[in-house]
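One structure is given below, encoded as structure tokens.
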Amino acid sequence: MNIPQAKCNSICYYFCEKIKVIKIFEEIHMAKVVFIDTARESIVDISGISKKPVYDVSIPIKLLGGERR
């Protein structure tokens, strides 16, 4: 999504989760959002924001042998 299209207070998707964009930080390629289902606020990478939900399959880092504690 071209981030100037994502206006503040617009409803979009962060991958497959519905969000509301609160503020866009174009200099650092991030946006402050509220996840609609949980009302949780977070800062996310604007590359994951789109007009339609994305249900791509991904592999967790733990399965690849990373992040061992």
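A heavy-atom distance below 4.5 Å is not found between the side chains of Ile46 and Phe25. Between Ser10 and Lys20 the shortest side-chain heavy-atom distance does not fall below 4.5 Å. In this structure the side chain of Cys16 never reaches within 4.5 angstrom of the side chain of Val54, judged on heavy atoms. Between Ile11 and Ile19, every side-chain heavy-atom pair lies at or beyond the 4.5 Å cut-off.
Linking Ile, Leu, Val, Met, Phe, Trp and Tyr residues whenever their side-chain heavy atoms come within less than 4.5 Å leaves Ile22 and Ile24 in two separate clusters. If you chain together hydrophobic residues whose side chains sit under 4.5 Å apart, Phe15 and Val44 fall into the same group.
Between the OH atom in Tyr14 and the CD1 atom in Ile49 there is a gap of 8.0 Å [rounded to 0.5 Å]. Between atom CZ of residue Phe35 and atom OH of residue Tyr13 there is a gap of 13.5 Å, rounded to the nearest 0.5 Å. With values rounded to the nearest 0.5 angstrom, Thr38 atom OG1 is found 7.0 Å from Glu17 atom CD.
The nearest pair of heavy atoms linking Cys12 to Ser50 is CB-O, 3.5 Å. Considering all non-hydrogen atoms of both residues, Val21 and Val33 come closest at CA-CG1, 4.2 Å. Across all non-hydrogen atoms, the minimal contact from Met30 to Asp45 is SD-CA, 3.6 Å.
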